[in-house]
Amino acid sequence: MVNSIWPESNGGNKPLPAPDVVMARAGTPPDQLSPEAVEGILVNPIYTGVGPFPRMVKDEAWVRACAKLIEEEGTEQFLVNLLYVLRECLTAEST
């Protein structure tokens, strides 16, 4: 099992896709959000009440939206986008 998760056994030398989401700026009116910003919001677990952030989305809604995104864009792209938004949020929070 452990050997099956290492890069050599799962196509690990192939480069990961680039993030294709952006972080929406606080206060941006919904009608001015780009599709990339909307997806950045959907993929971001911060909105489920992680850490000091208030819960804005129920877990069930977030999980189902993310499952749909994984189905549409693939697991690797979803995970790259998830890491991107988490890093952006946590970097912004620490500055």
Side-chain angles (χ1 to χ4, degrees):
M1 166 66 179
V2 172
N3 289 336
S4 68
I5 63 171
W6 296 111
E8 309 79 53
S9 61
N10 64 12
N13 292 333
K14 185 177 94 177
L16 292 173
D20 63 2
V21 297
V22 296
M23 295 292 298
R25 298 213 180 259
T28 302
D31 63 334
Q32 293 181 13
L33 292 171
S34 68
E36 295 83 6
V38 171
E39 188 174 342
I41 291 168
L42 291 173
V43 74
N44 195 338
I46 296 296
Y47 295 109
T48 64
V50 174
F53 301 96
R55 177 181 293 276
M56 300 175 75
V57 177
K58 290 182 179 181
D59 290 352
E60 295 84 2
W62 185 80
V63 167
R64 289 186 177 114
C66 289
K68 183 71 172 167
L69 288 171
I70 291 168
E71 185 180 301
E72 290 176 0
E73 64 187 20
T75 306
E76 279 191 354
Q77 185 66 60
F78 175 84
L79 292 172
V80 165
N81 291 341
L82 176 66
L83 282 174
Y84 173 77
V85 297
L86 280 175
R87 287 180 176 138
E88 290 293 309
C89 284
L90 297 175
T91 300
E93 182 67 17
S94 66
T95 57

Q: Using the rule that two of Ile, Leu, Val, Met, Phe, Trp, Tyr join whenever any of their side-chain heavy atoms come within less than 4.5 Å, decide whether L90 and V80 are in one cluster.
A: no

(Q) Using the salt bridge (charged side-chain N to carboxylate O under 4.0 Å, His left out) criterion, which residues pair with E60? Sequence neighbours excluded. (A) none

Q.
Rounded at 0.5 Å granularity, tell me how far CZ in F78 sits from CG in L69.
A. 6.5 Å

Q. Between E76 and K14, does a side-chain contact (heavy atoms from CB on, under 4.5 Å) hold up when you go through it step by step?
A. CA-CA 11 Å; E76 279 191 354; K14 185 177 94 177; 4.0 Å; yes

Q. Taking only residues two or more places apart in sequence, or in another chain, which ones meet V63 in a side chain to side chain contact (heavy atoms under 4.5 Å, CB included)?
A. none

Q | Connected via hydrophobic side-chain network under 4.5 Å: L83 and V43 | A | no

Q. Who passes side chain to side chain donor-acceptor pair (under 3.5 Å) against T48, sequence neighbours left out?
A. none

Which pairs would a plain distance check flag for residues 15-29, meaning a side-chain donor or acceptor within less than 3.5 Å of a matching protein atom at least two apart in sequence or in another chain?
{"unit_1": "D20", "atom_1": "OD1", "unit_2": "Q77", "atom_2": "NE2", "d": "3.4"}
{"unit_1": "D20", "atom_1": "OD1", "unit_2": "N81", "atom_2": "ND2", "d": "2.8"}
{"unit_1": "T28", "atom_1": "OG1", "unit_2": "R25", "atom_2": "O", "d": "2.7"}

Q: May I ask whether M56 and V85 are part of the same hydrophobic cluster, defined by side-chain heavy atoms of I, L, V, M, F, W, Y residues being less than 4.5 angstrom apart, directly or through others?
A: yes

Q | Where W62 and V57 come nearest, the two heavy atoms and their spacing | A | N-CG1, 3.8 Å

(Q) Just to verify, what does D59 make a salt bridge (charged side-chain N to carboxylate O under 4.0 Å, His left out) with, not counting sequence neighbours? (A) R55

Q.
As an exercise, state the distance from CG of L42 to CG of L82, rounded to the nearest 0.5 Å.
A. 12.5 Å

Q | Contact check, side chains of L33 and I41, non-hydrogen atoms, under 4.5 Å | A | yes

Q) Of the non-hydrogen atoms in I46 and F53, which two are nearest, and what is the gap between them? A) CG2-CG, 3.1 Å

